[in-house]
Number of protein chains: 2
Amino acid sequence: MKVTEKPIMSLAADHAACRVVIVDQTQLPFIVEQRVLLTWQDCAEAIRTMRVRGAPLIGVTAAYGIALAMQRDATDGALSTASKALAATRPTAVNLAWALDRMSRLLTTTDPADRADVAWAEADQIAAEDEDNNRRIGEHGLAIIRDIYAKTGRAVNILTHCNAGRMACTEWGTATAPIYLAHREGLPLHVWVEETRPRNQGLITQWELADAGVNHTYIVDNAGGHLMQHERVDLVIVGVDRVSRRGDVANKIGTYLKALAARDNGIPFYAAAPSSSIDMDIEDGVPEIEIEERDTSEVSMLRGWDRNGYVTDVRMLRDRTPISNPGFDVTPSRLVTGLITECGIFAPADLARSVAKGTCK
Amino acid sequence: MKVTEKPIMSLAADHAACRVVIVDQTQLPFIVEQRVLLTWQDCAEAIRTMRVRGAPLIGVTAAYGIALAMQRDATDGALSTASKALAATRPTAVNLAWALDRMSRLLTTTDPADRADVAWAEADQIAAEDEDNNRRIGEHGLAIIRDIYAKTGRAVNILTHCNAGRMACTEWGTATAPIYLAHREGLPLHVWVEETRPRNQGLITQWELADAGVNHTYIVDNAGGHLMQHERVDLVIVGVDRVSRRGDVANKIGTYLKALAARDNGIPFYAAAPSSSIDMDIEDGVPEIEIEERDTSEVSMLRGWDRNGYVTDVRMLRDRTPISNPGFDVTPSRLVTGLITECGIFAPADLARSVAKGTCK
């Protein structure tokens with residue numbers, strides 16, 4: 001069961017050929033270009049430069065990075081080197097550390113002669129679990145959309161920020177999984193797709209939704225509050241990079257502003273994530289979750305088609321302009337209606353006792 | 001007293017030559033190009049296409065449009081035609097209607113033979129009052145910055161959205177007037193300049209502040225909430241397009257989100273405007289203030305320098321993509337700490353009894 005008939009997969013692994021094929025998401029939606037990753041260094045570069053992006057997908061990519069590393073050199077030293085380097089590529093998303101921990105724990109107790117095969121199998125398993133988790137997130141979230149439709153009897157307006165779609169995962173997406181399932185079921189839907197400056201991942205969400213035939217409208221990030229004020233949004237669903245024990249949600253910069261607007265207008269605000277995104281070591285997300293300060297060129301440069309249809313990068317600010325570019329923010333749990341996980345939907349207060357890292361209780 | 005030694009004026013009127021010279025703000029900061037307006041139709045085109053922008057400046061431009069109209073044809077019919085067409089160029093900012101009303105009221109009781117001279121003099125007067133109002137707004141707002149500095153003893157961090165700077169006015173700006181005066185006085189300051197999608201007027205603010213030597217950092221709109229959460233903002237000052245009787249503030253889209261974040265973090269949120277921006281006919285701004293739905297190309301197209309340094313427009317979305325582009329939002333008065341006007345600073349509840357349209361009581 002796939003979102004579209006001939007989907008372009010975010011990642012496809014080929015154990016026999018010892019390679020991983022990704023879509024270079026830095027080019028989307030302007031160019032759909034696949035890239036072949038042959039080494040763990042290729043995987044690290046792809047994660048760091050956001051050729052692969054989205055918390056679940058970077059976890060899966062890192063796991064395959066370990067498999068590629070073990071294929072070449074299955075020693076403890078090589079495992080440690082690859083694992084540390086992959087963990088250092090992006091600090092915010094917990095799935096990366098979670099996937100690398102899982103691989104390391106398994107491989108350190110595996111005979112080096114078997115490590116390559118075991119690593120491939122485990123990475124395949126992590127990818128399969130991601131798809132399964134997302135489908136289950138979709139089923140739980142679908143109930144929320146069904147309820148709203150039952151009450152209003154008109155198209156359900158859902159606002160989403162960034163891309164927590166199938167390109168951020170192996171399949172379905174997290175925030176988009178309920179949307180895709182509702183669309184399959186024939187529920188009337190309309191999605192407000194936020195641009196998500198500075199990297200404009202809304203372009204990827206828009207491209208995904210258009211591909212799947214889901215009714216949507218593209219807006220700048222500034223417009224979300226106004227639309228909520230005027231009762232044009234029934235529900236907000238966003239993805240997650242990391243959730244604290246008490247339910248604070250780290251996600252793409254700007255998410256917090258939409259949670260505030262949702263609260264101010266009585267609109268339910270949900271974050272969708274696999275339980276592997278919950279970091280039980282963190283209580284208060286605002287001071288404790290490290291926020292990436294990303295390259296200023298993300299703010300000053302922008303990509304589009306020029307008048308002749310060529311993909312062109314333009315610069316909006318001169319080099320000397322001081323720029324700050326925090327990549328994420330943290331939405332305090334008091335603003336979160338619920339977390340949609342593969343285990344079910346939980347109010348932040350119930351999260352810690354119902355869901356442990358990567359397992360449903 | 002000017003902001004910079006050799007400022008590029010947003011507008012300069014020359015009665016003897018019967019012309020008005022503006023900076024084409026659609027080109028800023030990429031190209032600093034002045035344009036000559038010779039007819040009221042030129043003025044209408046400049047307002048509609050946002051070559052001149054900012055609530056105070058479009059009021060002044062419309063007033064000169066009437067003077068140019070009277071120069072050619074001083075009949076009642078010509079006055080009515082020009083006034084109606086100029087009023088229809090932009091619906092949200094009240095200053096436009098206010099300036100046109102003031103011109104019409106004066107000219108209908110003036111002998112047609114004198115109308116051209118009277119109109120020029122009145123437009124000059126409106127421009128001079130704008131500069132004076134802004135200077136007085138600056139002096140009142142300066143007290144707020146001084147107070148914060150007296151408490152913290154470190155550089156005062158001010159966040160602003162859009163451009164309510166001197167390019168939005170004849171001089172000083174509204175939101176920037178306290179900043180320029182504080183800078184003159186040697187108070188240590190740092191301004192967070194929000195990009196302000198879709199039209200990126202933050203580029204103009206950044207250009208203005210750099211020109212005046214004011215310390216600043218450019219950020220995307222999504223980053224403002226995160227910075228407030230981490231105590232990196234002491235004060236928010238924005239401009240205004242229209243204020244309702246009870247103090248609801250219509251301003252550039254996205255302002256409401258920053259007011260919510262300021263409230264959530266206990267940060268004072270001020271709107272700066274001449275009293276002519278107060279619309280006594282409107283009580284509840286959210287349902288009553290008309291919000292412009294602007295052209296979708298503002299969202300889908302973007303301007304920058306290409307790799308060879310040429311100014312280039314790029315397209316981020318294909319033509320068929322559904323886009324919505326509301327130009328403004330309304331911040332409810334409950335989120336507004338105070339209105340900084342030329343008459344003083346007022347809590348929203350005190351606004352109506354202290355300030356009438358265009359006059360201090």
Side-chain angles (χ1 to χ4, degrees), chain A residues 29-30 161 192 195-198 200 203 206 210 215-227 229-230 252-258 260-261 263-264 286-287 291 299-307 311-318 320-326 328-330 332 335, chain B residues 29-30 161 192 195-198 200 203 206 210 215-227 229-230 252-258 260-261 263-264 286-287 291 299-307 311-318 320-326 328-330 332 335:
Chain A
F30 303 104
H161 189 66
W192 297 105
E195 178 175 52
T196 319
R197 282 283 289 152
N200 297 4
L203 293 174
Q206 187 276 322
N215 187 19
H216 64 278
T217 303
Y218 190 89
I219 53 171
V220 296
D221 306 296
N222 283 326
H226 169 73
L227 295 171
Q229 241 179 355
H230 289 265
K252 186 57 54 197
I253 190 81
T255 301
Y256 165 53
L257 294 166
K258 296 307 140 58
L260 285 168
R263 173 57 52 96
D264 199 47
V286 175
I291 300 297
V299 176
S300 61
M301 303 288 295
L302 209 130
R303 174 164 295 176
W305 293 283
D306 72 9
R307 74 180 66 184
V311 175
T312 303
D313 292 320
V314 295
R315 169 177 290 280
M316 292 180 291
L317 287 158
R318 295 197 185 276
R320 64 177 181 269
T321 309
I323 296 171
S324 177
N325 183 24
F328 300 87
D329 62 23
V330 176
L335 301 175
Chain B
F30 304 104
H161 188 68
W192 296 106
E195 178 174 55
T196 318
R197 284 282 290 151
N200 296 3
L203 293 173
Q206 187 276 322
N215 188 18
H216 64 279
T217 303
Y218 189 90
I219 53 170
V220 297
D221 306 296
N222 283 326
H226 169 73
L227 295 171
Q229 242 181 354
H230 289 265
K252 185 58 52 193
I253 191 81
T255 302
Y256 165 53
L257 294 167
K258 297 307 139 59
L260 286 167
R263 172 58 50 96
D264 199 47
V286 176
I291 300 297
V299 176
S300 62
M301 302 289 295
L302 208 129
R303 175 165 294 179
W305 293 283
D306 71 9
R307 72 180 66 184
V311 175
T312 303
D313 292 319
V314 296
R315 169 177 291 279
M316 293 181 290
L317 287 159
R318 296 195 185 277
R320 62 176 181 269
T321 309
I323 296 170
S324 177
N325 183 25
F328 301 87
D329 62 24
V330 176
L335 301 175

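Residue numbering restarts at 1 for every chain, and letters A, B, ... go by the order of the sequence lines.
Listed options A:His161, A:Arg307, A:Arg263, A:Gln206 were ranked by heavy-atom pairs under 4.5 angstrom with chain B; first place goes to A:Gln206. Taking B:Asp264, B:Leu335, B:Thr321 one by one and counting their heavy-atom pairs under 4.5 Å with chain A, the maximum is reached by B:Asp264. Counting heavy-atom pairs closer than 4.5 Å to chain A, the top-ranked of the candidates B:Arg318, B:His230, B:Met301 is B:Arg318. For the options A:Pro287, A:Ala261, A:Gly224, A:Pro332, heavy-atom pairs under 4.5 Å to chain B are most numerous at A:Ala261. Ranked by non-hydrogen atom pairs under 4.5 Å with chain B, the options A:His216, A:Arg315, A:Arg320 are led by A:Arg315. Counting heavy-atom pairs closer than 4.5 Å to chain B, the top residue among A:Val286, A:Asp329, A:Thr312 is A:Val286.
To the nearest 0.5 angstrom, A:Phe328 atom CZ is 11.0 Å from B:His226 atom NE2. Atom OH of B:Tyr218 is separated from atom OG of A:Ser300 by 9.5 Å, given to the nearest 0.5 angstrom. Taken to the nearest 0.5 Å, the CD atom of A:Glu195 stands 8.0 Å off from the CG atom of B:Leu317. Once rounded to the nearest 0.5 Å, the distance linking CG of A:Asp306 with CG of B:Asp306 reads 8.5 Å.
Interface residue A:Asn200: only side-chain heavy atoms are found under 4.5 Å from chain B. Neither the backbone nor the side chain of B:Ala210 comes within contact range of chain A; no heavy atoms are under 4.5 Å apart. Heavy atoms of B:Pro326 lying under 4.5 Å from chain A belong exclusively to its side chain. Residue A:Arg303 touches chain B through its backbone alone, counting heavy-atom pairs closer than 4.5 Å. For chain B, the nearby part of A:Phe30 is the side chain; its heavy atoms alone come within less than 4.5 Å. No part of A:Asn325 comes within reach of chain B, as not one of its non-hydrogen atoms sits under 4.5 angstrom from that chain.
Put simply, the side chain of A:Asn222 does not reach to within 4.5 Å of the side chain of B:Lys252, judged on heavy atoms. Looking only at side-chain heavy atoms (C-beta outward), A:Leu257 and B:Lys258 come within less than 4.5 Å of each other.
Remark: B:Pro29 pairs with B:Leu203, B:Trp207 by the side-chain contact (heavy atoms from CB on, under 4.5 Å) rule, at least two apart or across chains.
The only option from A:Val299, A:Asp221, A:Thr196, A:Ile323 that meets the side-chain contact (heavy atoms from CB on, under 4.5 Å) definition with B:Val220 turns out to be A:Val299.
Between A:Tyr256 and B:Gly225, the closest heavy-atom pair is CE2-O, 3.5 Å.
Of the possible donor and acceptor atoms, one in the side chain of B:Gln229 sits under 3.5 Å from a partner among the backbone N and O of A:Val330.
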